[in-house]
Protein chains: 2
Amino acid sequence: MRPFKKYCNGSYDFLNAESRSRSIEHVARTGRPREFDREQTLERALELFWSRGYGATSIQDLVDALAVERGSLYGAFGDKRRFYLEAVRLYWEVYERHLTTALDTSPLLPALREILTHPVRLDELISDVGVPQGCLVGNTTAELVPQDSEATEIVTRSYRRFTDIVAGALRRAQAAGEVTDTHSPEAQAQLLLYIVQGLSLVSRAGLGRPAALAAIDTAVDGLRA
Amino acid sequence: MRPFKKYCNGSYDFLNAESRSRSIEHVARTGRPREFDREQTLERALELFWSRGYGATSIQDLVDALAVERGSLYGAFGDKRRFYLEAVRLYWEVYERHLTTALDTSPLLPALREILTHPVRLDELISDVGVPQGCLVGNTTAELVPQDSEATEIVTRSYRRFTDIVAGALRRAQAAGEVTDTHSPEAQAQLLLYIVQGLSLVSRAGLGRPAALAAIDTAVDGLRA
DNA sequence: CCGACTTCTGTGCGTCCGTTCAAGAAGTAC
DNA sequence: GTACTTCTTGAACGGACGCACAGAAGTCGG
């Protein structure tokens, strides 16, 4: 299985900073030191959850894949649900960082097209088995929302952040005359959320890449002023 | 829990015809007659699978909700997986029938808007617990595709039928000058598939209805010639 | 070296899962 | 009535699940 970083070429500086401060905090504490890297283990668990889903990933699967014993996982992450939700949060942090930097350009539409085609390009990598499928936030939505209130909160916030970021970029692009202002940036951003989530989902069924790209071009051209 | 028919106001003639021929076939057979209505039980199981998902619905849940004992379910539907897949097939048959009749009109765009807003209106009903969430085909995609090859086949065919039907309607509307021909009907239909699936998924998180309607209007206006 | 503290390791617990099966009940065919 | 077929019922099975716990192992301040 490929490492998590393979799927998102975003910066990991904030992760390094986090683990650094965490290890400082760790050295200060007494007791036997942890033998595994918590952040790295979380990333690998994220991959597993991503590719199999929450319910279909058993603790035993995690123990086998992470080479960390049961009790250690429970000690470091709490129960399975907390473990999963922390992985989802990490996933979104990375994605949001990627999204923010990618859309901070002018002209906007090429970057937007890049963002939208991301799931398709991810899909291209899926010749191996056990490779992540779709968007983890979308998968979580399908599996746990709205039954699990904490998952619902994470998912809702993620969607909200997506539309906020995209709407902000669209607002600037509207002002620059690049994007049509026949509809509000918020409505356009909401539509783009649907498109990227729908694309992530439908792409699992392995439809052809040309059809997906044609559909995305249709959407992007619809935004053009 | 509301009956399945509540969620799809389409015609059930084909279902009646099916159960009629099935019961004729049944009378011809010897042995003890089945004490429950197979089609009705399948519909109720469909509701349960729809609201909880495949993995989260246990055989015990089905036994309790359907008032049919384990052995009878296994005798009538085979194992859990076959039961679920048959429910998904039924779901799509009903939806496709609804889609076909709804889009056989002119002008097309109001009907298309109706189709797209369907998940939102479904979402409005969700004040009760245990009410269907999203689109069952989409849920199946998230949970079983591509691991389960038979589920993948059903899902892929359903998506293909959707784009075929919608592309046909768009082609007619393009010829009538109602829909823009800057992009092919196939690309437009593929985009609409993404939108409706994304909307079904995201709506689970219970975002506001006005935002969803604004996004749909943006999409529909983008198709206008 | 020592006691306090944390993590590691492996075993085991109770529960629920999907599935099977045997025995009885309820029909049809002749 | 008898043989045959199918459905119903309820118990039981093996396995996997999430999770808890006791003891060993390692690190600290003193």
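Each chain gets a letter, A, B and so on, in the order its sequence line appears, and its residues count up from 1.
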How long is the line joining [atom1] of [X] and [atom2] of [N], in whole Å?
X	N	atom1	atom2	value
B:Arg32	D:dT8	CZ	C1'	5 Å
B:Gln60	D:dA12	CD	P	16 Å
B:Asp61	C:dT19	CG	C1'	16 Å
B:Arg38	D:dT6	CZ	C1'	15 Å

With sequence neighbours left out, the residues meeting ring pair (Phe, Tyr, Trp, His ring centres under 6.0 Å) with B:Phe83 are B:Phe49, B:Phe77

Can you list the residues that meet the ring pair (Phe, Tyr, Trp, His ring centres under 6.0 Å) rule with A:Tyr74, with sequence neighbours excluded?
->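 In terms of ring pair (Phe, Tyr, Trp, His ring centres under 6.0 Å), with neighbours along the sequence ignored, A:Tyr74 is linked to no residue.
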
- For A:Ala211, enumerate each residue passing the side-chain contact (heavy atoms from CB on, under 4.5 Å) test, keeping only those at least two apart in sequence or located in another chain.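 So A:Ala211 forms a side-chain contact (heavy atoms from CB on, under 4.5 Å) with B:Gln190.
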
For B:Thr140, the side chain to side chain donor-acceptor pair (under 3.5 Å) test, sequence neighbours excluded, returns B:Tyr84

- For B:Arg70, which residues count as a side chain to side chain donor-acceptor pair (under 3.5 Å) partner, sequence neighbours excluded?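 Partners of B:Arg70 by the side chain to side chain donor-acceptor pair (under 3.5 Å) criterion, ordered by chain and then number, come out as B:Gln60.
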
Selection from C:dG24, D:dG18, C:dC8 that lies nearest to any side-chain heavy atom of A:Phe36
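In terms of side-chain proximity for A:Phe36, the closest of C:dG24, D:dG18, C:dC8 is C:dC8.
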
Taking the side chain of B:Thr30 as its heavy atoms from C-beta onward, which of C:dC8, C:dG24, D:dT5 lies nearest to it?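 Closest nucleotide to the B:Thr30 side chain: D:dT5.
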
### Query
What nucleic acid atoms does B:Ile59 come within less than 4.0 Å of, heavy atoms only: base, sugar-phosphate, or nothing?
base

For residues 156-170 of chain A, which residue pairs pass the salt bridge (Lys or Arg N to Asp or Glu O under 4.0 Å) check, not counting sequence neighbours?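 Of all non-adjacent pairs touching residues 156-170 of chain A, those that pass salt bridge (Lys or Arg N to Asp or Glu O under 4.0 Å) are A:Glu96-A:Arg161, A:Glu153-A:Arg157, A:Arg160-A:Asp164.
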
The correct set of residues in residues 62-75 of chain B placing a heavy atom under 4.0 Å from DNA chain D is B:Glu69, B:Arg70, B:Gly71, B:Ser72

Residues of residues 76-83 of chain A with a heavy atom under 4.0 Å from any atom of DNA chain D, listed by number, are A:Asp79, A:Lys80

Donor-acceptor under 3.5 Å (A:Ser203 side chain, A:Ser200 main chain):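 Not a single qualifying donor-acceptor pair exists.
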
Sorted by chain and residue number, the salt bridge (Lys or Arg N to Asp or Glu O under 4.0 Å) partners of A:Asp217 (sequence neighbours excluded) come out as A:Arg113

inquiry  = Taking 4.0 Å as the cut-off, does a side-chain nitrogen or oxygen of A:Arg34 come that near to OP1 or OP2 on C:dT7?
reply    = yes

- [ ] Measure the shortest side-chain to side-chain distance between A:Asp148 and A:Arg81 over non-hydrogen atoms and say whether it is less than 4.5 angstrom.
- [x] yes

